[in-house]
Chemist: 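Sharing a structure here in structure tokens format.
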Amino acid sequence: MRTSVVTVDKVTKIYGNGKEEKTTALNNLSFTVKAGEFVGIMGASGSGKTTLLNILSTLDTPTHGQVLIDGEDLSKIKGKKLSTFRGEKIGFIFQDFSLLDNLSAFDNISIPLALQGMDTDEIIQKVYDISSRLGIHQVLDKHPAQLSGGQKQRVASARALVTNPKIVLADEPTGALDSESAKGLLEMLASLNVHANVSILMVTHDPYSASYCDRILLIKDGKIFQEITKEDQSRQEFHEKLLTSIGQLDRRD
Ligand SMILES: Nc1ncnc2c1ncn2[C@@H]1O[C@H](COP(=O)(O)OP(=O)(O)OP(=O)(O)O)[C@@H](O)[C@H]1O
């Protein structure tokens, strides 16, 4: 049986203290992500997706319940150990790329390794390896302003993957890309998922992006209300199924 890289166990998140009105953003939510799984999270605005990502990325804590990443209970790791844990185990890809404009692509990708105190030769090797896999080794000297949207997202993905994390958390990673670049990025993520056994948890509104996942969790009012699995369907068949289930029109296939 494949091990769980992420375990979300009966997680509830309630915003608001005594005086304010309380909002239950996550309501007794439980699921796991296994090693090498590509899981999508979908749900309407306000359903709790960002709250979930913030908790998984250790930026916020649950009101009740437990989150384990690579077998470690996040509530038991504190302070500097928590930032080290986050840096080693979790990669992040955001819609707006979150690259530092005054650094080259190379320097952007090397940030998490430099933070780990890795020596320069090893950093150079790792940055070149991941950049070659993502097809951006030719643009490593350029700054973000000199890159296309697709190249920027590949640089951001390289930064997320260069530490060889257990889990990549992606928040609408194709949101700012044209459809060709989005397709390239999704194929790259799917390929890394299969060949490098990286687990991915991706929040998306887009059924086309979701069709690259193995499994989709649909969230409503902070709970999973439906789970849709790809099983042995082709990606196109899964896309059709998602369009039917979610009822949104998308004609890229
Ligand atoms: N810091 C906060 N304080 C109070 N309520 C909050 C806070 N952050 C989120 N909420 C509430 O929690 C619920 C879930 O919000 P969340 O941002 O997780 O939804 P979402 O699914 O990410 O939405 P979107 O797709 O619009 O980004 C919403 O009702 C929201 O208003």
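Source: prediction; values computed, not measured. First listed ligand is number 1; within each ligand, the first listed atom is number 1.
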Chemist: So, for atom 1 (N) of ligand 1, does the protein have a heavy atom nearer than 4.0 Å?
Modeler: yes

Chemist: For Asp73 and Ser75, test the side chains for any donor-to-acceptor distance below 3.5 angstrom and give the result as yes or no.
Modeler: yes

Chemist: Counting each atom of ligand 1 from 1 as listed, which ones have a heavy atom of Ala44 under 4.0 Å away?
Modeler: 21 (O)

Chemist: Have Asp9 and Thr7 got a donor and an acceptor in their side chains that come within less than 3.5 Å?
Modeler: no

Chemist: Ignoring hydrogens and geometry beyond distance, is a side-chain donor-acceptor pair present between Thr12 and Thr63 at under 3.5 Å?
Modeler: no

Chemist: Considering distance alone, does some N or O of Gly48 sit under 3.5 Å from an N or O of ligand 1?
Modeler: yes

Chemist: Would you please say whether a donor-acceptor pair under 3.5 Å links the side chains of Asp178 and Ser181?
Modeler: yes

Chemist: What is the nearest protein non-hydrogen atom to atom 15 (O) of ligand 1, stated with its residue, atom name and distance?
Modeler: Thr51 OG1, 3.9 Å

Chemist: Can a cation-pi geometry be assigned to Lys152 and Phe97, taking NZ or CZ under 6.0 Å from the six-membered ring centre and within 45° of the ring axis?
Modeler: no

Chemist: In the protein, what heavy atom is nearest to atom 29 (O) of ligand 1, and what distance, to one decimal place, separates them?
Modeler: Thr23 CG2, 3.6 Å

Chemist: Return the residue, atom name and 0.1 Å-rounded distance of the protein heavy atom closest to atom 6 (C) of ligand 1.
Modeler: Tyr15 CD1, 3.2 Å

Chemist: Any non-hydrogen atom of Ser47 lying under 4.0 Å from ligand 1?
Modeler: yes

Chemist: In the protein, what heavy atom is nearest to atom 26 (O) of ligand 1, and what distance, to one decimal place, separates them?
Modeler: Ser45 OG, 2.6 Å

Chemist: Need the ligand 1 atom indices (1-based, order shown) with element for anything under 4.0 Å from a heavy-atom of Lys49.
Modeler: 18 (O), 19 (O), 20 (P), 21 (O), 22 (O), 23 (O), 24 (P), 25 (O)

Chemist: If you count the atoms of ligand 1 from 1 in the order shown, which ones are under 4.0 Å from a heavy atom of His205?
Modeler: 25 (O)

Chemist: Is the shortest side-chain N to carboxylate O distance from Lys230 to Asp214 below 4.0 Å?
Modeler: no

Chemist: Is a donor from one side chain sitting under 3.5 angstrom from an acceptor on the other, for Gln125 and Asp129?
Modeler: yes

Chemist: Is it the case that Thr229 and Arg215 place a side-chain donor and acceptor less than 3.5 Å from each other?
Modeler: no

Chemist: When you measure from atom 27 (O) of ligand 1 to every protein heavy atom, which one gives the shortest distance, and what is it?
Modeler: Thr50 OG1, 3.5 Å

Chemist: With Asp171, which of Leu53, Ile93, Thr204 fulfils side chain to side chain contact (heavy atoms under 4.5 Å, CB included)?
Modeler: Leu53

Chemist: To check your reading of the model: name the closest protein heavy atom to atom 14 (C) of ligand 1, its residue, and the distance in Å.
Modeler: Gly46 O, 3.3 Å

Chemist: Near Ala25, which atoms of ligand 1 are under 4.0 Å from a heavy atom of that residue?
Modeler: 12 (O), 13 (C), 14 (C)

